[in-house]
Amino acid sequence: MTLSARDRRRAIVAIITAITVMAVSLSLSIPLVSLSLERREIGSDIIGLMGSLPALAFLLASPVIPRLTQIFGT
């Protein structure tokens with residue numbers, strides 16, 4: 001199945017939109033979680049760990065995503 005140029009453009013726009021929405025929500029939620037944990041008097045080491053885990057998850061998942069896309073499709 002080949003996609004037309006219009007369908008390809010729509011797919012790229014959908015992907016970029018999804019990534020942008022996810023990035024904005026993540027960049028807004030991490031500081032809010034940190035502030036919430038600080039208000040509950042959680043240690044700074046735990047707050048730092050909680051702030052770094054999303055980035056670590058992206059680093060660990062990124063190499064696997066192309067293979068999963070090949071297996072399951074987009």
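We count residues from 1, following the sequence as given.
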**OP:** Compare every heavy atom of Ile30 with every heavy atom of Pro54, then report the nearest pair and how far apart it is.
**Re:** CG-CD1, 3.9 Å

Original post:
Is there a side chain to side chain contact (heavy atoms under 4.5 Å, CB included) between Phe58 and Leu26 once you walk through the steps?
Top reply: CA-CA 12 Å; Phe58 286 127; Leu26 188 64; 3.2 Å; yes

Determine whether [X] and [Y] fall in the same hydrophobic cluster, where Ile, Leu, Val, Met, Phe, Trp and Tyr are linked whenever their side-chain heavy atoms lie under 4.5 Å apart.
X: Leu60; Y: Leu53; result: yes
X: Val33; Y: Ile46; result: yes
X: Met22; Y: Leu28; result: no
X: Ile42; Y: Met50; result: yes
X: Leu49; Y: Leu56; result: yes

Original post:
If you round to the nearest 0.5 Å, how far is CD1 of Ile47 from CG of Leu35?
Top reply: 8.5 Å

Subject >> Atom pair CD1/OG1 of Ile12 and Thr17 - distance to nearest 0.5 Å >> reply: 11.5 Å

Original post:
Between Ser36 and Leu32, is there a donor-acceptor pair closer than 3.5 Å when you use the side chain of the first and the backbone of the second?
Top reply: no

